[in-house]
Amino acid sequence: MTIQASDMGNLPAALTTFVGRAGDLTKARRRLGETRLLTLTGAGGVGKTRLALEVAAASVRDYADGVWLVDLAPVRDPALIANVTATALRVPDLGAMPIHERLAAFLARRSALIVLDNCEHLSDACAELVHALLSASPGLRVLATSQRALGLFGEHVFAVPPLPPDDAVSLLRDRTRAVRAEFAVTESNRAQVLRICADLDGLPLAIELAASRLRTLTVDELVDRLRDRFGLLASGSRIARPHQRTLRGLIDWSHELCTPAERLLWHRLSVFPGDFGLDAAESVCAGDGIEPYEVLDLLDRLVVQSIAVPAERAGRPRYRLLETIRQYGLERLAESGETERVRKRHHAFYLAFAESMADNWYGPGQRESLNRLRAEHVHLRMALEQDDDPQATLELAAALRFHWCEGGFLSEGRRWLDRALAAAPGPTPARARALWIAAWIALLRHDHTAASQLLDEATELGHILEDPLVDAHVRGVRGTLALFGGRMAEAVSLFEAAMAAHRDAGEEISAVYALVQLATAQSHLGDPRTTRTCREALAIAETHDERLVRAHAQWTVGYDAWRRGDLAEAVAMIRSALENERGFNHYSTVGLMVEQLAWATAAGGDHRNAAGLLGTARALWQDIDTSVSTFGPHMTEQHDQCVGAVLRALGARAYESALAKGGGHHSLDEAIAYALRTGPEPSATASAPSPLTRREREVAALVAEGMSNRQIATALGRSPRTVDGHVENILAKLGHASRAGIATWWTANQALTR
């Protein structure tokens, strides 16, 4: 299956055909239209999940806010169900509200379908969450799969039956052709094929396992072997053998027919609670009987035998074990005595993975990094649950700082960091790092008191360890505390100290966040150095081809331009910043950008569009349970001034109508798209000949297309240093502080460049 999240959901694209069950599909869809909670029940292997996914896929157009799959099979802690659901739905975990309440608030104004898969081992907790969500959101429906009903009032139950004979035969034929293209059901073998399907009780999973054996066996041979296999189980009575024993017997047989190396890989792969990549399988499962180079071939052989299932996520090939197959493998792994060793290798792999993501964070691949971290979230969570090496777990929790903060998992990150800090109290570098990261998360969750306490301990430990980087990060977080508290002079001093410490440690790119916030504080103080600080931050971002730093820097330049009254520059920079935020999950950052675009739009006299932008920002704040006031009293004052001006211009009724229109988006990217459509287009007057040389005009045109200096150098066959010089000359000649100013000038003055 292919797993690809979008604004309309995250349903996997099936890699195999859906065979039969036309009547079940119709009935289930009709029942879902009659109730807000439909639970598909039945034995393991009967096809509940596949039917639910087909029902959901056929219903996508019925739900404006998408259809979402939440797989609960890997979850063992009932307290994590809300987190897992929020992760699947890409609900931002950024405010102080408990995650289950935030999830309910997020869904309250949305029309969506949630497929809650594999609920049986968490049925009580699932029932509690489903009741809360359905009560909060009248536009929500839930389609659950479980071996038993959830027991809620109003729940409709659809018992998924085994496949009828004709559908079972069709499934066997379809899956056998995948491994033996010439296979056909004929008059001569149809009776025996029906016998196979009957012996397998019409269970789809059992039929798929049996089909893989027809790659090497004839139909008659398979019938004989199944008779031998199930003769003892049935004890002479067809009725005496329940479906689960049928499936277990066939899995036992599949296991026996695997080679020793295939069995070994199957057992070890069972430690992965979700889909996994080849690199993870090679690292975790190789050794003691399996060479790393053998893993791919063995995996392919398990796929052919329907033990492993191919998958895809974000364009990357993946694999997974169906939960029934995985649980069987875990039993066998425990019998072999390898469970602890393999889980330690799993933890070691994901620690190295997380550290690599953090070490290589700054640069052009951030969105891909966040997608990879999100894809591995279930495995990262399992690794964090290991308690045999508290220090390694603390290192892992700290290494995931960008996943927690940039990926939108603040409360979960804080939970894991608190747990890891409590388990590893020793004065180590990992603890010092975890302390300032926990402080940063506390600050982002608006808990300033906790942030200050964590920073105090981090400061003390940094002095004990004589680690200047800890001091640099602590000063930066304290600067943000001062900025959000409206203490601008204190913030400037702290950000300057943080920048100096980062640069002394050779970490220029780490200093740029402090540099961006320094520019914001300087702007509030009317400091004439603000423009130079902004340009310096943008230059660093350009050098590293870094989207998020660039977005922050552009936003700050836009804010400063707005305060200086340069509305064209402000609008151009904020729009560029919003473009760079596409594909990320930064509700609070985008909220601030849209607010500032509203302020600049209102200042330019377009009050109706400004009101729409304020409505977009308000909806974003509601989604993350916060407001613009979180970012300091100065932001509240500027917001209130804008609202007052728009209200006076439009009147209350028109203002509320525009607010509602602006808040009608269904996702963060929709909010960005609305803001970019609504904001005023930057304009300029072409009243004088171009001051630029021919080469500078070429460079300006490429800047306007959004190219970085490095990309321009490649396009023109020049050195990056030469292009850097051209851009600096263009900025000086045009009197602009940023590349967006060049783009604005180019758009308005193209006639002068012909």
Side-chain angles (χ1 to χ4, degrees), residues 5-10 63-68 70 82-114 129 132-140 370 374 404-414 441 444-447 551 555 577-578 581-598 611-631 635-636 639 658-676 678:
S6 71
D7 291 346
M8 293 305 296
N10 67 340
Y63 301 94
D65 295 292
V67 178
W68 303 89
V70 182
N83 292 88
V84 173
T85 304
T87 298
L89 272 64
R90 301 195 70 124
V91 174
D93 176 14
L94 300 173
M97 185 186 294
I99 187 63
H100 65 280
E101 294 180 18
R102 188 174 310 116
L103 185 58
F106 185 87
L107 290 168
R109 60 187 182 90
R110 288 173 162 84
S111 168
L113 171 65
I114 296 177
L129 179 65
L133 296 184
L134 290 176
S135 299
S137 176
L140 177 68
L370 287 176
R374 182 176 287 273
W404 307 137
C405 298
E406 304 292 357
F409 297 99
L410 291 185
S411 67
E412 187 168 353
R414 179 69 189 277
I441 291 175
L444 294 177
R445 297 185 72 224
H446 326 313
D447 188 348
W555 158 37
L578 283 167
E581 284 289 344
R582 287 184 187 270
F584 291 98
N585 205 35
H586 292 167
Y587 275 72
S588 57
T589 302
V590 171
L592 284 172
M593 291 175 180
V594 174
E595 279 273 357
Q596 289 177 13
L597 188 57
L613 290 165
L614 288 171
T616 303
R618 182 177 69 174
L620 292 172
W621 299 137
Q622 289 173 347
D623 282 342
I624 58 175
D625 182 38
T626 189
S627 71
V628 71
S629 64
T630 299
F631 304 95
M635 304 298 283
T636 302
H639 168 84
L659 276 181
K661 180 180 178 181
H665 61 269
H666 300 291
S667 70
L668 187 60
D669 278 350
E670 278 191 23
I672 293 173
Y674 175 85
L676 292 173
T678 304

Taken in chain and number order and not counting sequence neighbours, the residues that satisfy side chain to side chain donor-acceptor pair (under 3.5 Å) with S588 are none

Mind checking what makes side-chain contact (heavy atoms from CB on, under 4.5 Å) contact with S629, not counting sequence neighbours? S627, T636

Would you say the side-chain atoms of D669 pair up with the backbone N or O of G583, donor to acceptor, closer than 3.5 Å? yes

S137 side-chain N/O to L107 backbone N/O, donor-acceptor pair under 3.5 Å: yes

Nearest heavy-atom pair of T589 and E581: which atoms, and what distance? CG2-OE2, 3.5 Å

Considering only residues two or more places apart or on different chains, which pairs with a residue in residues 582-597 satisfy salt bridge (charged side-chain N to carboxylate O under 4.0 Å, His left out)? E579-R582

Please name the pair of heavy atoms, one in I624 and one in P92, separated by the smallest distance, quoted to 0.1 Å. CG2-CG, 3.4 Å

When rounded to the nearest 0.5 angstrom, what distance separates CG in L668 from OG1 in T616? 11.0 Å

A112 meets the side-chain contact (heavy atoms from CB on, under 4.5 Å) criterion, sequence neighbours left out, with D65, W68, L140

Would you give the length of the straight line joining atom OG1 of T630 to atom NE2 of H446, rounded to the nearest 0.5 angstrom? 4.0 Å

In the structure I gave you, are the side-chain heavy atoms of T87 and R374 within less than 4.5 Å of one another anywhere? yes

Go through the steps for H665 and L620 under the test side-chain contact (heavy atoms from CB on, under 4.5 Å), then give the verdict. CA-CA 9 Å; H665 61 269; L620 292 172; 3.8 Å; yes

The criterion is side chain to side chain donor-acceptor pair (under 3.5 Å); which residues satisfy it with Q622, sequence neighbours excluded? none

Flag side-chain contact, heavy atom, 4.5 Å: L676 against L597: no

Can you check side-chain contact (heavy atoms from CB on, under 4.5 Å) on T85 and I99, steps first, answer last? CA-CA 10 Å; T85 304; I99 187 63; over 6 Å; no

I need the L129 CG to I114 CD1 distance, nearest 0.5 Å. 7.5 Å

Side chain to side chain donor-acceptor pair (under 3.5 Å) involving R414 - partner list, sequence neighbours excluded: D418

Please list, chain by chain and in numerical order, all residues satisfying side-chain contact (heavy atoms from CB on, under 4.5 Å) with A598, sequence neighbours excluded. L613, L614

Do you know which two heavy atoms are closest between R90 and Y587, and how far apart they sit? O-OH, 4.5 Å

For P98, give me all partners under side-chain contact (heavy atoms from CB on, under 4.5 Å), at least two apart in sequence or on another chain. H100, E101

Pairing residues for F584 by the ring pair (Phe, Tyr, Trp, His ring centres under 6.0 Å) criterion, not counting sequence neighbours: H586

Can you list the residues that meet the ring pair (Phe, Tyr, Trp, His ring centres under 6.0 Å) rule with F106, with sequence neighbours excluded? none

Any donor-acceptor N/O pair, S111 side chain to Y63 backbone, under 3.5 Å: no

Check A551 against M593 and note the closest heavy-atom contact, atom names and distance. O-CE, 3.7 Å

Which atom names give the shortest non-hydrogen contact between S411 and N83, and what distance separates them? OG-ND2, 4.3 Å

Could you go step by step and tell me if L592 and M635 meet the side-chain contact (heavy atoms from CB on, under 4.5 Å) rule? CA-CA 9 Å; L592 284 172; M635 304 298 283; 3.7 Å; yes

Can you name the side chain to side chain donor-acceptor pair (under 3.5 Å) partners of R109, sequence neighbours left out? D623

Apply salt bridge (Lys or Arg N to Asp or Glu O under 4.0 Å) to E412 and list each qualifying residue two or more places apart in sequence or on a separate chain. R381

Return the minimal non-hydrogen interatomic distance between A658 and A611, and the atom names on each side. CB-CB, 3.5 Å

Kindly compute the distance separating OG (S667) from CG (N585), expressed to the nearest 0.5 Å. 10.0 Å

